[in-house]
Structure formats: C-alpha cells, structure tokens
Amino acid sequence: MKDIAEIRADFPLLNRHVYGRQLVYFDNGATTQKPQCVIDAVNEVYTSYNSNIHRGVHALSDKASEEYEKAREKVRSFINASKREEIIFTSGTTGSINGIAFSFGERFIRPGDEIIISHLEHHANIVPWQMMCERKGAKLRIIPINDAGEILFDEYLKLLSGKTKLVAVTQASNALGTILPVREIISAAHSAKVPVLIDGAQGIQHGVVDVTAMDCDFYVFSGHKIYGPTGIGVMYGKEEWLSDLPPYQGGGDMVENVTFEKTTYNELPFKFEAGTMNFAGAIGLGSALDYVLSIGRENIKARERELLHYATEKLSEIKELKIFGSSDKKISVVSFLLNDIHQYDTGMILDKMGIAVRTGTHCAQPVMDRFGIDGTVRASLCFYNTKEEIDILGTGIEKVITMFA
Ligand code: PLP
C-alpha cells in the first residue's frame, strides 16, 4: 500500500486551509474528496471527447459511448455482478431507491402487503417506501434496534411473514456506523421467498462488496461517497427482477419502438436509462473504482478499522463526551455529543479550527428519536485520514468544552 503522504497527495483538496488552519476533513460519510485521477478523467471527457452517448455515428460519440460502457463494466466487476445488463447508472442512491420503489410497487404491491426496513435507515431508504405504501395501500414494518444501535434480529424474523413483499436495509448506518448482518438478513428473507434491497451508500467504500456472494436482489450506491463525482450512482438488480420490472422513467434511449399507439422498451440495462445519462460522471466513477482497487480494498478496510479504534479510544477519554453507536461491528464513524452542549455549537466551533464534521440528524431522524436526541456531531473517517488529525479533533473538542465551562 502507498504510504499515507503519497495517498494524501493524490487528493488535492486535502491540502487546503480553512480559516488559516490546515483542513481536517472528517465529513466523508456525507461525501468524499476526489483523487486527481478522477478529476482528470472528468476533465478529459470535456476537453477531448464530450459528445452524447449511444446516438451518434461520429468519432466523439463512439469514444464517449465506449468509455461509458467501460465504466459499466468496471462497476460490474467491482461489485462482482454476473452481467453488465444488471448495472444501471442512476443519479445516486436516492435516485436508485426511488426508481426501484416505484417500479416494484407498480408491479408487485397490493393493498395489505408489507415492506420491511430497519430503524437505522437514512431517509432515502424510508421515504420512497412510505410513498409507495401510500400509493398502494401497503404497510411499512420496522426492525427495532437496541441501545448499542444494532438491529434486533429475532424481531426481524418475527416481522417476516406471508405479507412481506420486500426487505430494504442499509449495509451500514450513516448516523451510528453500525454494520448490519446483511448476509443473515438476506438468507432469512430468501427462506421466506422475499427479495432484499441493500442500501450500499455507506458500505461500498469500506470493504469488498460482492453482490453474488451476498445474494442480494438489489444493491444501490452513490459515486460521490466512493471518491467519484456527484450526480452518478448505481442500481444493481438481478436480471430476473430487472427484466420483470417496468421502467420508472420514459424518454429517449430506453425505448425500442415508439408509435402513438404503443411503445416497446429497450433491452437491459438501457430500459432503465432514460434520457441523456451523466456519462462524464459514470466515467469519473470508473476512474474512482480503479483508484480504490489500486489502494486495495482490504488495505482500506484495515486502515479504517485502525483509525476507528484509535478515534474511539481517544474520544472516550473525554469524560464529557458520549458516543452513540457502540456495536463492535462499525464502519469508521464516531457519532457523539458533549454533555449539554448543542451539536451545532460544537460543529461550528470545530469548523473555526479547520475541522469539518457533520452535525444534525444525518437524515436519519428516527435514529435520533430512538435515543431521545435531536442530533449528534459525526466524525466520519476514511483511509486518507490520520491519527494526527484525530488528535487535532480531540484537542478541538477539549477547547469546545472549556469554552462552555
Ligand atoms: N443511504 C445512506 C445510508 C446514506 O448515508 C445516504 C447519504 O448519506 C444515502 C442513502 C443517500 O445518498 P445520496 O444522497 O448520495 O443519494
């Protein structure tokens, strides 16, 4: 593995100063910084071959289409899907879940049916299902969590029934960091003949994701959380599901034949890619995945585990600090509060010291309600962070406490 100085040099933004201080970027759960190769890949699209994909006969369009399809192949291989037809580009996790919720709802959901999600979900994996349930007269069932922020597996098993039509859970909680036992969740659902969607927004960047081994029916993620561009994401679905689902958007490219009387749809994956896709974003995402592979996913996982361990120990020494989410299976997220100091105050003061953390509900309001709080301060680390930065955060937190004393 490259050493940390070399890794950090790959990310130009990490060099910048904020309020005269060297930036400490601990908001990777919200979005990650981009390595130069991703910036270059997107730049190259616009400086040397920008042209709309799939529709042209000229050289630029051919090149753009070829690079876009190469990016699809990179995604397929990265998550170990068996076919390129199973990889649909979308605008991100939110776009993917909304699309599946709409199509799945139209095709399979009847009044009285049930969808299971967990109490740990991001709003992106709650609201689209609520909207679908409202449209179809179905019901949302919630897997409860314990005080450590882990799902209660036995309660999940009790929720699975003949009425269950889909289980949709996150791979890891963005608010607390908990990693969910997705393989066990999937296997129990499959025993009941229920398909499972995994929200991989907080999973894809922290280790090896193998959708074939996991056996999930749908897997979705966002490019910007794995060092790629914004506005691009992925919706993986097993071919048997995707070929059965109706498209959720109509327009150019997703059609085979259009008359005013009847339209037939294009084959997979194009059936779900209506209109001009974010091809520059997809190509940038392909470059981000290459970059992650060049660092090594096992290396990333090991380094982030070490950083999480160090941060948890270091912050736990501060007696005024309480960590939310104490599962022993966590991604590198530390969510905390300082006695009665409001999270916004903590976040704003840390910001003035050049430390970027996130405050609020993290779009997971039910998690906050479960703990009777209105938000936390969240430090989300990734492999380009250092122990020195964690020390700077520790010192910054001590200063916040002193200011409020
Ligand atoms: N799901 C989880 C677990 C997330 O953490 C996020 C974003 O933070 C999302 C979904 C939504 O991702 P996006 O805003 O990229 O669509």
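Quick note: residue numbers are just sequence positions, from 1. Worth saying up front: this structure is predicted, and the values here are computed from it rather than measured.
- The heavy-atom pair separating Val292 from Arg297 by the smallest distance is CG1-CG, 3.7 Å.
- Ring-centre distance between Phe272 and Tyr265: not below the 6.0 Å cut-off.
- Checked against the 6.0 Å centroid criterion, the rings of His54 and Phe270 qualify as a close aromatic pair.
- Crowding of Arg76 atom CZ: a count of heavy atoms from other residues, nucleotides or ligands under 6.0 Å exceeding 12.
- With no hydrogens or angles considered, no side-chain donor-acceptor pair links Asn125 and Thr170 at under 3.5 Å.
- A salt bridge links Lys158 with Glu155; the closest basic N to acidic carboxylate O contact falls under 4.0 Å.
- Note on ring orientation: taking the six-membered ring where Trp is involved, the planes of Tyr68 and Phe89 are tilted (angle from 30° to 60°).
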>> Checking Leu180 against Ile185 for the side-chain contact (heavy atoms from CB on, under 4.5 Å) test, could you report, in this order, the C-alpha distance in whole Å, the side-chain angles of both residues, the deciding distance, and whether it holds?
In response: CA-CA 8 Å; Leu180 278 77; Ile185 290 173; 4.3 Å; yes

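- Residues Gln171 and Gly200 approach most closely at OE1-CA, 3.7 Å, considering heavy atoms.
- Counting heavy atoms of neighbouring residues, nucleotides and ligands inside a 6.0 Å radius, atom NZ of Lys165 exceeds 12 of them.
- Counting heavy atoms of neighbouring residues, nucleotides and ligands inside a 6.0 Å radius, atom CD of Gln22 exceeds 12 of them.
- Pairing each heavy atom of Thr94 with each of Ala124, the nearest pair is OG1-CB, 3.7 Å.
- To the nearest 0.5 Å, atoms CD1 (Ile198) and CD1 (Ile204) are separated by 12.0 Å.
- For the residue pair Asp199/His122, the side-chain donor-acceptor check at 3.5 Å is not satisfied.
- In summary, Asp217 and Lys238 engage in a salt bridge, as defined by a charged side-chain N under 4.0 Å from a carboxylate O.
- A donor atom on one side chain and an acceptor atom on the other are not found under 3.5 Å apart for His224 and Thr32.
- Under the 4.0 Å criterion applied to side-chain N and carboxylate O atoms, Arg72 and Glu273 are assigned as salt-bridge partners.
- Taking the six-membered ring for Trp and thresholds of 30 and 60 degrees, Phe108 and Phe104 have ring planes inclined between 30 and 60 degrees apart.
- Taking 4.0 Å as the cut-off between side-chain N and carboxylate O, Glu306 and Arg303 do not count as a salt-bridged pair.
- The minimum heavy-atom distance between Ile226 and Ser222, with the atom names listed, is CG2-O, 3.7 Å.
- Under the 4.5 Å side-chain criterion, counting only non-hydrogen atoms from C-beta, Cys133 is in contact with Ile115.
- Heavy-atom neighbours of Met348 CE from other residues, nucleotides or ligands within 6.0 Å: at or below the threshold of 12.
- At a cut-off of 3.5 Å, with distance as the only test, a side-chain donor of Ser327 or Glu150 sits close to an acceptor on the other residue.
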> Stepwise, does the side chain to side chain donor-acceptor pair (under 3.5 Å) test hold for Asp10 with Tyr291?
Replying inline: CA-CA 10 Å; Asp10 290 335; Tyr291 180 80; 2.7 Å; yes

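- Ring to ring, Phe279 and Tyr49 are not that close: their centroids are 6.0 angstrom or more apart.
- Of all non-hydrogen atoms in Met254 and Lys271, the two that sit nearest each other are CB-O, 3.4 Å.
- Ala364 approaches Asn174 most closely through the heavy-atom pair CB-OD1, 4.2 Å.
- With respect to Glu239 and Lys83, a salt bridge is recorded, a charged nitrogen being found less than 4.0 Å from a carboxylate O.
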